[in-house]
Amino acid sequence: MQYGIVFRPKRGQDISGDAYLIVEVYGAHLIAVADGLGSGEEAAQAARLAMATVGEHAWANLPDILQWCHLALRGTRGAVMGLLKIETEGRQVSYAGVGNIDLRSHSASGFRPFNAYGIIGSRLPDVRTFVGDYEPGDLFVLSTDGITRQFNLDKLPAVRGQSPQSLAQQIVASFGRQEDDMTVLVIA
């Protein structure tokens, strides 16, 4: 797997309320993104705690990981999160998310999951895991709400011909919002 990552705080801030984690567990790649509510140190603490909890429970199924995060984040600002798991050997991709984390894909299987409404640490809804086929060459983009809702992979030139890092930088340049923390992970 190759990754492209852009991670930065909103304009005027020194710290981002977003966090991400990439781990390999049992031959699968688990990619997690969290956006702590609000901005600044308290948001960052919630997001970092969520990522530490993901790391501790990376072996579990996705809804259970989100449940562990929910318990860990009680008493904090809370966060929204997305978890993407890619099993290259088993040729399967799965996703579970809560809140306004965004997942876009260029996938041979047409993988198009969506998130449950809620907040990790405050209101955890029933979370559905979306499962699809994975093919080498599939491309996934996980992002926080620092990327506008107008973001569309089809609006970018030569998506397939770019490195993941170049594509992540282009997404931020074209669709980034300076008034919010911003995290983009491109997985190819």
Side-chain angles (χ1 to χ4, degrees), residues 1-9 14-90 92-105 111 113 115-116 118-132 134 138 140-147 164-165 168 181-188:
M1 300 257 76
Q2 294 181 330
Y3 301 96
I5 302 166
V6 175
F7 172 80
R8 66 180 191 212
D14 293 329
I15 190 164
S16 175
D18 294 351
Y20 68 91
L21 178 70
I22 301 168
V23 295
E24 190 170 337
V25 58
Y26 303 124
H29 301 265
L30 178 62
I31 303 98
V33 174
D35 182 350
L37 297 187
S39 61
E41 184 58 40
E42 289 182 39
Q45 287 174 354
R48 286 191 305 256
L49 179 56
M51 293 303 96
T53 305
V54 170
E56 290 175 29
H57 301 281
W59 49 268
N61 67 47
L62 300 183
D64 286 349
I65 295 171
L66 290 171
Q67 179 66 41
W68 284 109
C69 291
H70 178 67
L71 294 173
L73 267 63
R74 290 210 168 167
T76 71
R77 282 194 179 182
V80 295
M81 292 180 61
L83 301 173
L84 177 68
K85 185 176 183 182
I86 301 171
E87 300 173 52
T88 55
E89 295 282 323
Q92 186 176 55
V93 61
S94 51
Y95 178 82
V98 174
N100 60 352
I101 298 296
D102 193 29
L103 175 70
R104 304 290 172 104
S105 67
F111 188 64
N115 292 345
I119 299 169
I120 304 291
S122 176
R123 299 182 310 272
L124 183 66
D126 287 333
V127 178
R128 178 177 171 194
T129 300
F130 294 84
V131 178
Y134 169 78
D138 284 353
F140 303 95
V141 179
L142 269 170
S143 62
T144 61
D145 64 349
I147 302 300
Q165 186 61 41
D181 299 324
M182 204 179 320
T183 301
V184 174
L185 277 86
V186 176
I187 304 103

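Please read these numbers as outputs of a predicted model, since none were measured by experiment.
- For the residue pair Ala44 and Ser16, the shortest heavy atom distance occurs at CB-O, 3.2 Å.
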Quick one: side chains of residues 48-55, donor-acceptor pairs under 3.5 Å with protein atoms, not counting sequence neighbours, listed by atom name and distance.
unit_1	atom_1	unit_2	atom_2	d
Arg48	NH2	Glu41	OE2	2.8
Thr53	OG1	Leu49	O	2.8

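- Across every non-hydrogen atom of Pro125 and Val98, the tightest pair is CD-CG1, 4.1 Å.
- Within the model, atoms CG of Leu84 and CZ of Phe111 stand 6.5 Å from one another, a figure rounded to the nearest 0.5 Å.
- In this structure, the side chains of Leu83 and Lys85 stay at 4.5 Å or more apart for every pair of heavy atoms.
- What you find for Tyr95 and Gly82 is that their closest heavy atoms are OH-CA, 3.6 Å.
- Scored by the side-chain contact (heavy atoms from CB on, under 4.5 Å) test, Ala96 finds Leu62, Leu66, Val127, Thr129 as partners (sequence neighbours excluded).
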All N/O donor-acceptor pairs, side-chain side in residues 21-36, below 3.5 Å, sequence neighbours left out:
unit_1	atom_1	unit_2	atom_2	d
His29	ND1	Tyr3	OH	3.2

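- Of the possible donor and acceptor atoms, none in the side chain of Arg77 sits under 3.5 Å from a partner among the backbone N and O of Gln45.
- Ring geometry for Phe7 against Tyr20 counts as perpendicular: the plane angle is over 60°, on a 0 to 90° scale with 30° as the lower cut.
- A donor-acceptor pair is defined here as one N or O able to donate and one able to accept, closer than 3.5 Å; no such pair exists between the side chain of Gln92 and the backbone of Tyr134.
- You'll find the side chain of Val131 reaches within 4.5 Å of the side chain of Ser94, heavy atoms only.
- Atom-to-atom distance recorded for Ile147:CD1 and Ile101:CD1 is 11.0 Å, nearest 0.5 angstrom.
- With sequence neighbours left out, the side-chain hydrogen bond (donor to acceptor under 3.5 Å, both in side chains) criterion links Ser105 to Arg112.
- The side-chain hydrogen bond (donor to acceptor under 3.5 Å, both in side chains) check on Arg74 picks up His70, with sequence neighbours excluded.
- Remark: Leu37 CG to Thr76 OG1 distance equals 8.0 Å, nearest 0.5 Å.
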Side chains of residues 181-188: which donor-acceptor partners sit under 3.5 Å, not counting sequence neighbours?
unit_1	atom_1	unit_2	atom_2	d
Asp181	OD1	Lys10	N	3.0
Asp181	OD2	Gly17	N	2.8
Thr183	OG1	Asp18	OD2	3.0

